[in-house]
**Q** 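Mind looking over this structure? Questions follow.
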Amino acid sequence: MAILIVLLILLFIHIHGGGHHKEGRGITATSRCDLSQGNWVADESYPLYNTSQCPFILKQFDCIRNGRPDKNYVKYRWQPKNCNLPRFNGEDLLRRLRGKSILFVGDSLSLNQWQSLTCMLHTAVPRANYTSLRTGSLSTFTFPMYDVKVKLSRNAFLVDIASESIGRVLKLDSIEDGKNWKGNDILIFDSWHWWLHIGRKQPWDFIREGNHTYKDMDRLVAYEKGLKTWARWVEDNVNPNKTRVFFQGVSPDHLSGEKWGEAKARFCEGQMVPMSETKYSHPAETVLQKVLGKMSKHVNLLNITALSQMRKDGHPSVYGFGGRRSMDCSHWCLPGVPDTWNLLLYAVLIQK
């Protein structure tokens, strides 16, 4: 009888898991498993890596090396409400991807996620050689032992910007760069932040749709038109049997304390703990979901908006590239929030 009781206890532990770390080997079976809904919980086993292990991490994301004094922001793990994220296994992912290539296409938030993933993979196989090469707007990080390439194409709008006699034209119905996206096994797109830029940061002078040229347009309307052009490109050019398509989702900024109920907050500087919940609905995320919902080909949405919205503490603020001369409440410190975006990616990739 005693032996039977011990066996039953061991079986219970095996099924339900032990310890405080709730990342499992796979997604817990549940009909209500939404990885994007949950909370940030303190976990002493975090972070997943240290930037000292990844000399290729850019200075603008390396907040600790830039002098950020508080360290608790690297100690939070995303815990979904009704299921568990799988424990990240970089070597397992490289084996699954053998002979394949991943291409991130987007702005500096794609760069943020690309840098996170390359570091997560490198620290998983630290003795494996790697090469990192940039040619123009394309960066390629290669693991020769596994014949895996993790690439980044810098393209903030996805649609084209052309230099013409009248100036720089944002062409909402044209994607010439799409030819460079073909031939990859996994595509991960991102676009939003640059659609809002005005003044000297705005990289175009006119907007064109069809035969109509505009000096400006409601930016959310322009974003939707650009996304619809991107969606048509996916419909016309992607074979889902050969290529998996993801969209990063909309990464929120924390420039205004009013968005998280702290009206007197000066940007994101000095924020040291996550929010316990968020009720803010990002208008760009609504547009993105609307466009994806009308597509006939499946695109995996990495639904990062709400979980990232809770992390007002996760930005470089004055510990980014420009130091105290520049406030960065848009990008994310590494290690940090983009590591969780890659855990969501990993969870989808290992699903059968």
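Residue indices begin at 1 and follow the sequence shown.
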**Q** Without hydrogens or angle criteria, can the side chains of Gln53 and Thr123 be said to hold a donor-acceptor pair below 3.5 Å?
**A**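 Checked: Gln53/Thr123 side chains show no N/O donor-acceptor pair below 3.5 Å.
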**Q** With Trp260, which residues qualify under ring pair (Phe, Tyr, Trp, His ring centres under 6.0 Å), at least two apart?
**A**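 Listed in chain order: His254.
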**Q** Taking ring pair (Phe, Tyr, Trp, His ring centres under 6.0 Å) as the test, write out the residues that go with Tyr214, two or more places apart.
**A**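 If we apply the ring pair (Phe, Tyr, Trp, His ring centres under 6.0 Å) test to Tyr214, skipping adjacent residues, there are no hits.
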**Q** For the backbone of Lys59 and the side chain of Asn66, can you confirm whether one donor and one acceptor N or O come within less than 3.5 Å of each other?
**A**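 Present.
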**Q** Using modelled atom types only, decide if a donor and an acceptor are shared between the side chain of His315 and the backbone of Trp332 within a distance under 3.5 Å.
**A**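 Between the backbone of Trp332 and the side chain of His315 there is no qualifying donor-acceptor contact (under 3.5 Å).
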**Q** Suppose we screen for salt bridge (charged side-chain N to carboxylate O under 4.0 Å, His left out). Which residues come up paired with Arg168, at least two apart in sequence or across chains?
**A** Asp205
**Q** Look at the side chain of Asp173 and the backbone N and O of Glu209, then say whether any donor-acceptor pair between them is shorter than 3.5 Å.
**A**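 No: the side chain of Asp173 does not pair with the backbone of Glu209.
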**Q** For the backbone of Ser174 and the side chain of Thr229, can you confirm whether one donor and one acceptor N or O come within less than 3.5 Å of each other?
**A** no
**Q** According to the interplanar angle, ranging from 0 to 90°, do the rings of Tyr130 and Phe141 count as parallel (below 30°), tilted (30 to 60°) or perpendicular (above 60°)?
**A** parallel
**Q** Residues two or more places apart in sequence or in another chain: which of them pass side chain to side chain donor-acceptor pair (under 3.5 Å) with Asp185?
**A** none
**Q** Which residues pass the side chain to side chain contact (heavy atoms under 4.5 Å, CB included) test with Ile198, not counting sequence neighbours?
**A** Gln202, Arg219
**Q** Can you sort out the partners of Ser36 under side chain to side chain contact (heavy atoms under 4.5 Å, CB included), two or more places apart, ordered by chain and number?
**A** Asp34, Asn303
**Q** Judged by atom type as modelled, is there a donor-acceptor pair below 3.5 Å linking the side chain of Gln115 to the main-chain atoms of Phe56?
**A** yes
**Q** Which pairs count as salt bridge (charged side-chain N to carboxylate O under 4.0 Å, His left out) when at least one residue sits in residues 148-167, sequence neighbours excluded?
**A** Glu164-Arg208
**Q** Could you check whether any side-chain N or O of Ser116 sits under 3.5 Å from a backbone N or O of Asn112, counting only pairs where one atom can act as donor and the other as acceptor?
**A**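 Side chain of Ser116 to backbone of Asn112, a donor-acceptor pair under 3.5 Å: no, none is there.
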**Q** Could you check whether any side-chain N or O of Arg311 sits under 3.5 Å from a backbone N or O of Tyr73, counting only pairs where one atom can act as donor and the other as acceptor?
**A**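 Judged by distance alone, yes, a pair lies under 3.5 Å.
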**Q** Is Asp339 close to Pro47 at the side-chain level, that is, under 4.5 Å between some pair of heavy atoms?
**A**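 Of all side-chain heavy-atom pairs linking Asp339 with Pro47, none is under 4.5 Å.
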**Q** Heavy-atom distance under 4.5 Å between the side chains of Leu111 and Phe61, does that happen here?
**A** yes
**Q** When the side chains of residues 240-249 are checked against the rest of the protein, which donor-acceptor pairs come out under 3.5 Å, sequence neighbours left out?
**A**
{"unit_1": "Thr243", "atom_1": "OG1", "unit_2": "Asn184", "atom_2": "O", "d": "3.0"}
{"unit_1": "Gln248", "atom_1": "NE2", "unit_2": "Leu109", "atom_2": "O", "d": "3.2"}
{"unit_1": "Gln248", "atom_1": "NE2", "unit_2": "Gln113", "atom_2": "OE1", "d": "3.1"}

**Q** Please list, chain by chain and in numerical order, all residues satisfying side chain to side chain donor-acceptor pair (under 3.5 Å) with Ser296, sequence neighbours excluded.
**A** Glu235
**Q** Apply the side-chain contact (heavy atoms from CB on, under 4.5 Å) test between Trp192 and each candidate in Leu227, Val250, Asp253, Val287; give the one that qualifies.
**A**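 So, applying the side-chain contact (heavy atoms from CB on, under 4.5 Å) to Trp192 and each of Leu227, Val250, Asp253, Val287, only Val250 qualifies.
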**Q** Is it true that atom CE of Met272 has more than 12 heavy atoms of other residues, nucleotides or ligands lying nearer than 6.0 Å?
**A**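 12 or below, so no.
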**Q** What residues, two or more places apart in sequence or in another chain, satisfy salt bridge (charged side-chain N to carboxylate O under 4.0 Å, His left out) together with Asp70?
**A**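 Asp70 satisfies salt bridge (charged side-chain N to carboxylate O under 4.0 Å, His left out) with Arg68 only.
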**Q** Between the main-chain N or O of Phe157 and the side-chain N or O of Trp230, is there a donor-acceptor pair closer than 3.5 Å?
**A**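 Not at all, since once roles are kept as given, no pair shorter than 3.5 Å links the two residues.
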**Q** Short question: side chain of Arg134, backbone of Gly136 - any donor-acceptor pair under 3.5 Å?
**A**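 A pair under 3.5 Å: yes.
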**Q** Evaluate whether atom NZ of Lys290 has more than 12 neighbouring non-hydrogen atoms of other residues, nucleotides or ligands under 6.0 angstrom away.
**A**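 Not more than 12 within 6.0 Å, no.
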**Q** Lys312 side chain to Met310 main-chain N or O, any donor-acceptor pair under 3.5 Å?
**A**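 No; zero donor-acceptor contacts below 3.5 Å.
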**Q** With sequence neighbours excluded, tell me which residues meet salt bridge (charged side-chain N to carboxylate O under 4.0 Å, His left out) with Asp147.
**A** none
**Q** Only counting residues at least two apart or in another chain, list the ones meeting ring pair (Phe, Tyr, Trp, His ring centres under 6.0 Å) with Trp233.
**A**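 Only Trp181 meet the ring pair (Phe, Tyr, Trp, His ring centres under 6.0 Å) criterion with Trp233.
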**Q** Does the side chain of Trp40 come within less than 4.5 Å of Val273's, by heavy atoms?
**A**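 The answer is no, as the side chains (C-beta and beyond) never meet within the 4.5 Å cut-off.
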**Q** Taking side-chain hydrogen bond (donor to acceptor under 3.5 Å, both in side chains) as the criterion, tell me which of Asn84, Asp43, Asn39 meets it with Gln79.
**A**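 Going through the options one by one, the only one that passes is Asn84.
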